[in-house]
Amino acid sequence: MITLSTILLVLLDPDTYIYIGWGILILLSVGLIWLLLRNRKRWVRLLASVLTFLLWLAFLYGAYVGPRQFEVRHVEIAFDDLPLSFDGYTIVQFSDVHAGTLAGSRAELLERAVDSINAQQADMVVFTGDLQNKKPTELMPFVDLLGSIKAKDGVFSVKGNHDYPMYIDDEMEQLDDMEYRRQVDDMIGWTVLDNCHYSVRRGDEHICVAGMENDGDAKRFPKKGNIQRALSGIMRDEFVVMLEHDPTAWRRKILPECHAQLTLSGHTHGGQVSLFGLSPAGLAYKEYNGLYTIGGRYLHVSSGLSGVVPFRLGVTPEIVVITLRRNDKVNRLID
């Protein structure tokens, strides 16, 4: 009897999705070729030819070129209440590694990303969730590589929905995987912020980096974020950088329940497909890629490095270098 776990194991295999894509593409191509042969109208035959060509071009690029592209994106954000000592403070954000997808020949992308992260010599590095696809064993080939990421004030991370044993139906196996994952996290050496925070000092001033556990808005995603625990002991006038994998938590919880000035998220992968500025992620998320602001508070959503489906078209894998600025100092520099 085929169990749910077995079905999910097949569906979560990255190459399975590529094989499905090949099947769909071939069926569509056969249909368009049939239209070419059956229709005598020149414009219909021309349109069918162009569509067939574009479908193949998009699929081949998205499956075999796009996922191996990579960029370092720079963002500068100014705040009225950033401590003066932190003007120019740099944070490298990366997200959604999905290590099971980056196995084998795709591992080169993660190696390039880690080299680029370290080359920034950032004050802080943050990872905003989904390190694995399904099981922590996927991380073992990358423990040394991920552990080599360094920053002056440390490397901080939060869990994404794929970092919980939600794709396993056996309770004992879930417990085993949770313990295994804790051990792997210890080997990597990052500071995992499970509804807690950490203070970073510059002289007499400091900022806080806080992390919520995954807090999704859909039933299929874990809903474990606890702002009260994450910010316990933090005063209203302190500057807070909040890490939360799912960007929907920004409007649902973070904006109404706390004062965190900057939230960093991932999860959406930028939709992985974007044509003429339009992405399917825009149908499901109000904020899905890039920088957003409401009332002087900011959310940055990274498109991440990978995904369960190894396909990218118009959305390049990325790391993001975020520079914090203080508004009054920027104004003085301009003057």
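For reference, positions follow the sequence shown, starting with 1.
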(message) Assess, by modelled atom type and distance only, whether the side chains of D80 and N327 contain a donor and an acceptor separated by less than 3.5 Å.
(response) yes
(request) Scan R326, R325, R202 and name whichever one has a side-chain hydrogen bond (donor to acceptor under 3.5 Å, both in side chains) with D87. (result) R325
(message) The criterion is salt bridge (Lys or Arg N to Asp or Glu O under 4.0 Å); which residues satisfy it with D237, sequence neighbours excluded?
(response) none
(message) Test your reading of the model: is there a side-chain donor-acceptor pair from K150 to the backbone of G147, 3.5 Å cut-off?
(response) yes
(request) Would you please name every residue forming a side-chain contact (heavy atoms from CB on, under 4.5 Å) with W34, sequence neighbours left out? (result) R38
(request) Of all the heavy-atom pairs spanning I18 and F59, show the shortest one and how long it is. (result) O-CZ, 3.9 Å
(message) If the condition is salt bridge (Lys or Arg N to Asp or Glu O under 4.0 Å), which residues does R181 pass it with, not counting sequence neighbours?
(response) D163, D185
(request) Answer yes when E138 and K135 have at least one side-chain N-carboxylate O distance shorter than 4.0 Å, and no when they do not. (result) no
(request) For the residue pair S279 and H269, establish whether any side-chain heavy-atom pair is separated by less than 4.5 Å. (result) no
What pairs of donor and acceptor atoms, side-chain ones from residues 221-232 against any protein atom, are under 3.5 angstrom apart with sequence neighbours left out?
unit_1 : atom_1 : unit_2 : atom_2 : d
K223   : NZ     : G216   : O      : 2.7
N226   : OD1    : Q228   : N      : 3.2
N226   : OD1    : R229   : N      : 2.9

Donor-acceptor pairs are to be reported for all side-chain atoms of residues 306-317 against protein atoms at under 3.5 Å, with residues two or more places apart or in another chain.
unit_1 : atom_1 : unit_2 : atom_2 : d
R312   : NH1    : S303   : O      : 3.1
R312   : NH2    : S303   : O      : 2.9
R312   : NH2    : S306   : O      : 3.0

(request) Apply salt bridge (Lys or Arg N to Asp or Glu O under 4.0 Å) to D194 and list each qualifying residue two or more places apart in sequence or on a separate chain. (result) K159
(message) For S85, give me all partners under side-chain hydrogen bond (donor to acceptor under 3.5 Å, both in side chains), at least two apart in sequence or on another chain.
(response) E205
(request) Share the residues that join L54 in a hydrophobic cluster, the rule being Ile, Leu, Val, Met, Phe, Trp or Tyr side chains under 4.5 Å apart at the heavy-atom level. (result) L46, V50, F53, L57
(request) Not counting sequence neighbours, which residues clear side-chain hydrogen bond (donor to acceptor under 3.5 Å, both in side chains) with Y198? List them please. (result) none
(message) Can you give me the closest heavy-atom contact between A281 and G271, atom names plus distance?
(response) CB-CA, 3.6 Å
(message) Are L55 and S29 packed together at the side-chain level, in the sense that at least one heavy-atom pair is separated by less than 4.5 angstrom?
(response) no
(request) Go through the side-chain N and O atoms of R68 and S105 and say whether any donor and acceptor fall under 3.5 Å apart. (result) yes
Side-chain donor/acceptor pairs under 3.5 Å, residues 124-131, sequence neighbours excluded:
unit_1 : atom_1 : unit_2 : atom_2 : d
T128   : OG1    : Q93    : NE2    : 3.2
T128   : OG1    : S95    : OG     : 2.8
D130   : OD1    : N161   : N      : 3.2
D130   : OD1    : H162   : N      : 2.8
D130   : OD2    : H98    : NE2    : 3.4
D130   : OD2    : H245   : NE2    : 3.3

(request) Could you list all the side-chain hydrogen bond (donor to acceptor under 3.5 Å, both in side chains) pairs where at least one residue sits in residues 249-264, not counting sequence neighbours? (result) D81-Q261, D215-R252, D215-K253, T248-R252, R251-E287
(request) To the nearest 0.5 Å, tell me how far L324 CG sits from I77 CD1. (result) 7.0 Å
(message) Do I188 and V155 have side chains that approach each other closer than 4.5 Å (heavy atoms only, starting at C-beta)?
(response) no
(message) Before you tell me yes or no, could you show the steps for F86 and F239 under ring pair (Phe, Tyr, Trp, His ring centres under 6.0 Å), namely the whole-Å CA-CA distance, both residues' side-chain angles and the distance that decides it to 0.1 Å?
(response) CA-CA 10 Å; F86 287 85; F239 189 91; 8.2 Å; no
(message) Checking Y285 now: which residues fulfil side-chain hydrogen bond (donor to acceptor under 3.5 Å, both in side chains) with it, not counting sequence neighbours?
(response) H267
(message) Under a 3.5 Å threshold, yes or no: a donor from one side chain and an acceptor from the other, between N289 and T268?
(response) no
